[in-house]
Amino acid sequence: MNETVKIERGLNGIYFERSGVSLIDGRKGELSYRGYSIHELAEHSMFEEVAYLLIYGELPKKHELEEFAAAISEAKVPERVFDIVRTIKDGHPMDVLRTAVSALAACDPRSLEVGEKEFIGNGLRLCGQIPALVAAHEAIRNGRDPVAPDPELSFAANWLYMLKGEKPGADETRLADVDFILHAEHGSNASSFAARVNIGTQANLHAAVVTALSTLAGPAHGGAAEDVMKMVQEIGSAENAAAFVKEKRKRREPVTGFGHRVYRAEDPRARHMREGVEKLGREKGEPQWYEILQAVVEAMKPYSRHGLNVNVDFYSGVIYHLHEIPMDMFVPIFAIGRVPGWIIQCVEQLRSNILIRPLTFYNGPEPRSYVPMEDR
């Protein structure tokens, strides 16, 4: 083949579908869900409201929110799935979570149903089951029994209760709420696109979520928060940040938590996590982590004109660390927040479904004849 073909590696800049869910303006650094600014949602809303908004397109009325939250909180994990978690408890939390979601599908014949109503029903159950599974794995691998969810608590409070075994305070709950809101949806990111590819084959929602979890597990997508925490620990103190950044740039190595595939300006979600980590650090008596982060931000300012601005993951990892959450759980927490986004992406794909099948341009050998084994 000698035709001229323009290759868009990584499908960069390619529009493959229409979507009415999230609008990202990478040049201005703006993000909205269903027309609502991420800043308003982060400041005034709760995760259940945002999940409802993403899935149904409008903010819920009081009774709608109550019914929606109940559908999530009433979703239970079968005991035999917990048994599987006990069997594989020494695995990475993302591997355990992915396997457990596959097990949920095998335990529930409703998971096989394909349709918009069925996707939403199965999705709401997964919204409740996935945080329960993440928390249960953490308990089991530390020799404790899983904590049953409390239907009286909000989504964010329930997550922290299942994780720690004690009811969280209002500030802790609010910070978790904001974290989930900021991670709930982000357009055609790698995991959401992978889920859409899966639905394009007429697969069911559980299969698509397993695909999304597998994709999110990759360090180039979901692992940045964990890498930032490792970097902060390596830097050690704010005084070392400038030299660390200088050496990284000298070696042409990336500084974790800076730059984004979409945003050229600062990630609009970052400011809310920045405020959270500063406040939580003071409350926990560990302000040094925030000081290191801000020293790195200052050292990176000369590179902002190249699009290397801070992203949301830059602050998330330190918040999880201040909550004494192990680093290998950072990506599963991301997954908990992203489930509503995956649900609506799969529903949108289903509404005008088509097999997603891009092309690759062949640049291998010219046609040649088969050579028998004895003549090779």
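Along the sequence shown, the residues carry numbers beginning at 1. Heavy atoms only: backbone and side chains are in, while hydrogens, waters and symmetry mates are out. Because the structure is a prediction, the values reported are computed rather than measured.
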Does the distance from a Lys or Arg side-chain N to an Asp or Glu carboxylate O, for [X] and [Y], drop under 4.0 Å?
X: K62; Y: E66; answer: yes
X: E138; Y: R144; answer: no
X: E113; Y: R110; answer: no
X: R34; Y: E58; answer: no
X: R249; Y: E247; answer: no

Assess the residue pair I38 and S32 against the criterion (side chain to side chain contact (heavy atoms under 4.5 Å, CB included)); give the C-alpha distance rounded to whole Å, side-chain angles, the decisive distance to 0.1 Å, and a yes or no.
CA-CA 5 Å; I38 192 64; S32 63; over 6 Å; no
Inter-residue atom distance [X].[atom1] - [Y].[atom2], 0.5 Å rounding:
X: I120; Y: L205; atom1: CD1; atom2: CG; result: 10.0 Å
X: R274; Y: R269; atom1: CZ; atom2: CZ; result: 13.5 Å
X: I292; Y: F244; atom1: CD1; atom2: CZ; result: 10.5 Å
X: M327; Y: D227; atom1: CE; atom2: CG; result: 9.5 Å
X: R98; Y: L216; atom1: CZ; atom2: CG; result: 11.5 Å
X: D179; Y: M273; atom1: CG; atom2: CE; result: 4.0 Å

Taking transitive links into account, so neighbours of neighbours count too, which hydrophobic residues share a cluster with L153 at under 4.5 Å side-chain distance?
V147, Y161
Worked check of side chain to side chain contact (heavy atoms under 4.5 Å, CB included) between T211 and V197:
CA-CA 9 Å; T211 299; V197 171; over 6 Å; no
Please identify each residue that fulfils ring-ring contact (aromatic ring centres under 6.0 Å, His included) with W342, with sequence neighbours left out.
none
Is any side-chain heavy atom of [Y] closer than 4.5 Å to one of [X]?
X: L41; Y: L53; answer: yes
X: E40; Y: E43; answer: no
X: L11; Y: F16; answer: no
X: S316; Y: I333; answer: no
X: L126; Y: V209; answer: yes
X: L133; Y: L104; answer: yes
X: M329; Y: L163; answer: yes
X: I343; Y: F119; answer: no

For residues [X] and [Y], is any side-chain donor paired with an opposing acceptor at under 3.5 Å?
X: N122; Y: E118; answer: no
X: S192; Y: N189; answer: yes
X: N353; Y: Q349; answer: yes
X: H323; Y: K164; answer: yes
X: N240; Y: S237; answer: yes
X: E185; Y: Q345; answer: yes
X: H186; Y: S22; answer: no

Could you tell me which residues satisfy side chain to side chain donor-acceptor pair (under 3.5 Å) with [X], sequence neighbours excluded, listed by chain and number?
X: E275; value: none
X: Q233; value: none
X: T173; value: none

Applying the 4.5 Å side-chain criterion to the ILVMFWY set and letting contacts propagate, would [X] and [Y] be lumped into a single cluster?
X: I72; Y: L65; result: no
X: L175; Y: M162; result: no
X: F155; Y: M46; result: no
X: I14; Y: F193; result: yes
X: Y52; Y: Y36; result: yes

Can you confirm whether [X] is buried at [atom1], in the sense that more than 12 heavy atoms of other residues, nucleotides or ligands lie under 6.0 Å from that atom?
X: E253; atom1: CD; answer: yes
X: L112; atom1: CG; answer: yes
X: R18; atom1: CZ; answer: no
X: E324; atom1: CD; answer: no
X: R368; atom1: CZ; answer: no
X: D145; atom1: CG; answer: no
X: K284; atom1: NZ; answer: yes

Using the rule given for salt bridge (Lys or Arg N to Asp or Glu O under 4.0 Å), can you reason through K230 versus E226, listing the C-alpha separation, both sets of side-chain angles and the distance that settles it, and then say yes or no?
CA-CA 6 Å; K230 291 176 181 176; E226 182 176 341; 3.5 Å; yes
Check against side chain to side chain contact (heavy atoms under 4.5 Å, CB included), R125 and D108:
CA-CA 11 Å; R125 283 189 291 277; D108 189 347; 3.7 Å; yes
Minimal non-hydrogen separation, [X] against [Y], with atom names:
X: I88; Y: V96; value: O-CG2, 3.4 Å
X: F82; Y: I140; value: O-CD1, 4.2 Å
X: L124; Y: A71; value: CD1-CB, 4.1 Å
X: A335; Y: L97; value: CB-CD2, 4.3 Å
X: F334; Y: H221; value: CE1-O, 4.2 Å
X: A208; Y: I199; value: CB-CD1, 3.7 Å

Among pairs that include at least one residue of residues 80-92, which meet salt bridge (Lys or Arg N to Asp or Glu O under 4.0 Å), considering only residues two or more places apart or in two chains?
E79-R86, D83-R86
Evaluate I181 against E49 for side chain to side chain contact (heavy atoms under 4.5 Å, CB included), listing each step before the verdict.
CA-CA 9 Å; I181 289 169; E49 284 184 284; over 6 Å; no
Validation row, ring centre Y315 to ring centre Y290 under 6.0 Å
no
Among L23, D25, I24, find the one that has a side chain to side chain contact (heavy atoms under 4.5 Å, CB included) with E30.
D25
